[in-house]
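Below you'll find the structure, written out as structure tokens, and then a few comments.
Keep in mind that this is a model prediction, so the values were computed, not measured. Both counts, for ligands and for their atoms, begin at 1 and track the order of listing.
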Amino acid sequence: MSFQPLKDKVAVVTGASSGMGRAIALRLAEKGAKIICCDLRAEANPSGYENDISTTTVDLITASGGIAVFEKVDISAVSEVEGTFSRTISQFHRLDILINCAGYWAPFRDFANEDDELWAKMSAINTLGTARAMRLAIRQFLKQEFDPIWGSRGRIVNISSCAAVVAFPGEVAYSATKASVNHMTRAGALDHAKDSININCVAPGVVATGMARQNIEDADILALMQKSTPWPRIGRAGDIAGVTVFLCLPDSQWMTGQVLAVDGGLTLGVAP
Ligand SMILES: NC(=O)c1ccc[n+]([C@@H]2O[C@H](COP(=O)([O-])OP(=O)(O)OC[C@H]3O[C@@H](n4cnc5c(N)ncnc54)[C@H](O)[C@@H]3O)[C@@H](O)[C@H]2O)c1
């Protein structure tokens, strides 16, 4: 068995059934963490690109000898999120890592065609859902001892988007709520650095997941995305998982409040 630097750590991963959240949950489990897989449903998004799409994340982890449980939760529902955290603490007696990966995106439309309903849903999931889970995790971290080998009392990694930094046509509400994730990362990290709690963020570019399939299958949108991405390919869920897991390892213990673009260079400027 490979070295497991996160042995005995307990991780809540939201959006764990599909795409990036699934890839992150699997890699954290490989590193030895026990995973609470949180999602609307246990089954993967059927539009996803996973080779093993018909097997749930929990089943994949347990088949590899890891420990994982599924929690059905809508991160925009206060009581459901609180229930998930309290069941996690009752069952595993601690919490060490929170990955906020669940997010909501809606097909492109001009700003003038957005409405309050769209903004309310985007805000409830992307902004309030992320902030709520962060607060609940931090409150639990504060009850636990600093781990001198890990160099930390707890880790949070939020998943935002390149759209939080550069403007894309047709996604004002999404961009604004993802920008809020970037900034709650920085501001939250500032408040809790003194507590040895690391709060960082990964901002993906275009990644082949179920969420992005309708864009990838639209030849015009795909061409725009490829043109905007200097690297010769668009992203894979594993690209995001590798960096996210690094932010949970002892090697990153002195990093906090950072937003790491993992985007094939999309946010660098105008691609030649
Ligand atoms: N795919 C991209 O190109 C891209 C780019 C930038 C950022 N992102 C962000 O990455 C994150 C992961 O998305 P993905 O591309 O892996 O998509 P995905 O559809 O493969 O996975 C998202 C998962 O989140 C779950 N989810 C959605 N709303 C939820 C809620 N309210 N409560 C609990 N779970 C919920 C879904 O059921 C799904 O399993 C999202 O936050 C998304 O905004 C995606």
Side-chain angles (χ1 to χ4, degrees), residues 12-26 36-50 53 56-58 70-81 83-84 98-108 120-133 157-166 168 171 173-182 185 201-218 221-222 224-226 228-229 233-241 243-244 259-264 266-267:
V12 162
V13 180
T14 73
S17 295
S18 312
M20 302 180 209
R22 177 181 175 101
I24 294 164
L26 292 169
I36 295 84
C37 296
C38 303
D39 207 298
L40 299 170
R41 62 194 75 79
E43 294 70 35
N45 180 342
S47 304
Y49 291 84
E50 292 90 345
I53 200 156
T56 66
T57 309
V58 168
F70 176 68
E71 274 282 332
K72 180 174 161 46
V73 56
D74 176 345
I75 62 154
S76 67
V78 180
S79 61
E80 291 184 27
V81 180
T84 288
L98 166 67
I99 309 293
N100 269 314
C101 190
Y104 177 63
W105 177 85
F108 301 116
K121 186 163 182 184
M122 289 280 180
S123 303
I125 297 173
N126 297 346
T127 301
L128 296 178
T130 302
R132 177 179 305 122
V157 185
N158 296 322
I159 306 298
S160 66
S161 171
C162 54
V165 176
V166 293
F168 281 91
E171 41 181 27
Y174 181 75
S175 309
T177 57
K178 288 298 188 176
S180 79
V181 173
N182 281 5
T185 298
C201 183
V202 171
V206 179
V207 180
T209 66
M211 183 184 279
R213 186 180 279 274
Q214 70 186 94
N215 297 334
I216 290 168
E217 288 186 348
D218 181 313
I221 298 177
L222 178 62
L224 176 68
M225 289 174 160
Q226 285 172 325
S228 316
T229 305
R233 64 169 175 84
I234 60 169
R236 304 175 186 128
D239 295 320
I240 307 306
V243 176
T244 303
V259 178
L260 298 188
V262 184
D263 63 5
L266 188 147
T267 47

I'd like to check which ligand 1 atoms, numbered from 1 as shown, lie under 4.0 Å from a non-hydrogen atom of Met20.
1 (N), 2 (C), 4 (C), 8 (N), 10 (O), 15 (O), 16 (O), 44 (C)

Residue, atom and distance of the protein heavy atom nearest atom 32 (N) of ligand 1 read Ile75 N, 3.0 Å

Rounded to the nearest 0.5 Å, what separates atom OG1 in Thr84 from atom CD1 in Ile75?
11.0 Å

Got the closest protein heavy atom to atom 24 (O) of ligand 1, with its distance?
Gly15 CA, 3.4 Å

Could you name the option among Met225, Arg213, Met211 that has the heavy atom nearest to atom 13 (O) of ligand 1?
Met211

Among Asp39, Asn45, Thr130, which one has a heavy atom closest to atom 38 (C) of ligand 1?
Asp39

Considering only heavy atoms of Cys101, which atoms of ligand 1 have at least one such atom less than 4.0 Å away?
11 (C), 12 (C), 40 (C), 41 (O)

Numbered in order shown, the ligand 1 atoms found under 4.0 Å of a heavy atom of Gly103 are 27 (C), 28 (N), 40 (C), 41 (O)

Look only at interatomic distance and state if Thr209 has a nitrogen or oxygen under 3.5 Å from any nitrogen or oxygen of ligand 1.
yes

To the nearest 0.5 angstrom, please state how far the CD atom of Glu171 sits from the CH2 atom of Trp105.
7.0 Å

Report, in ascending order of atom number, the atoms of ligand 1 lying under 4.0 Å from any heavy atom of Val73.
32 (N), 33 (C)

Between the side chains of Thr177 and Asn126, is a donor N or O closer than 3.5 angstrom to an acceptor N or O?
yes

Between Ser160 and Asn182 (side chain of the first, backbone of the second, donor and acceptor by atom type, cut-off under 3.5 Å), is there such a pair?
no

For the atom pair OG (Ser18) and CD (Glu43), what is the distance rounded to the nearest 0.5 Å?
9.5 Å

Look at atom 43 (O) of ligand 1 and find which of Tyr49, Trp105, Tyr174 reaches it with the closest heavy atom.
Tyr174

Looking only at N/O atoms, are Cys38 and ligand 1 under 3.5 Å apart anywhere?
no

Judging by distance only, is a nitrogen or oxygen of Ile125 under 3.5 angstrom from one on ligand 1?
no

Cut-off 3.5 Å, side chains only: do Asn100 and Thr130 have a donor facing an acceptor?
no

For ligand 1, find out whether one of its N or O atoms is nearer than 3.5 Å to an N or O atom of Lys178.
yes

What's the separation between atom OG in Ser17 and atom CD1 in Ile53, rounded to the nearest 0.5 Å?
11.0 Å

Show which atoms of ligand 1 fall inside a sub-4.0 Å distance from at least one heavy-atom site of Gly210.
20 (O)

Can a donor-acceptor pair be found between the side chains of Thr185 and Asn158 at a distance below 3.5 Å?
yes

The side chain to side chain donor-acceptor pair (under 3.5 Å) partners of Arg41 (sequence neighbours excluded) come to none

Just jot down the side chain to side chain donor-acceptor pair (under 3.5 Å) partners of Asn215, sequence neighbours excluded, or say none.
none

Number the atoms of ligand 1 from 1 as they appear, then name those within less than 4.0 Å of a heavy atom of Asp74, with their elements.
30 (C), 31 (N), 32 (N)

Work out whether the distance between some heavy atom of Gly48 and some atom of ligand 1 is less than 4.0 Å.
no

Report yes or no: does a heavy atom of Ser160 sit under 4.0 Å from some atom of ligand 1?
yes

Is Thr14 near ligand 1, meaning one of its heavy atoms is under 4.0 Å from it?
no

Measure the spacing between OG1 of Thr209 and CD1 of Ile240 and express it to the nearest 0.5 Å.
10.0 Å

Hey, which atoms in ligand 1 end up nearer than 4.0 Å to a heavy atom of Gly19?
16 (O), 20 (O)

Residue, atom name and distance, where the atom is the protein heavy atom closest to atom 3 (O) of ligand 1
Val207 N, 3.0 Å

Looking at ligand 1, is there an atom of it that comes within less than 4.0 Å of some heavy atom belonging to Gly205?
yes

Gap separating the NZ atom of Lys178 from the OG1 atom of Thr127, nearest 0.5 angstrom
9.0 Å

Which ligand 1 atoms, with their elements, are less than 4.0 angstrom from a heavy-atom of Val206?
3 (O)

Heavy-atom gap Arg41 to ligand 1 smaller than 4.0 Å:
yes

Test applied, side-chain contact (heavy atoms from CB on, under 4.5 Å); reference residue, Val202; option that passes from Ile159, Asp263, Val259, Asp239:
Ile159

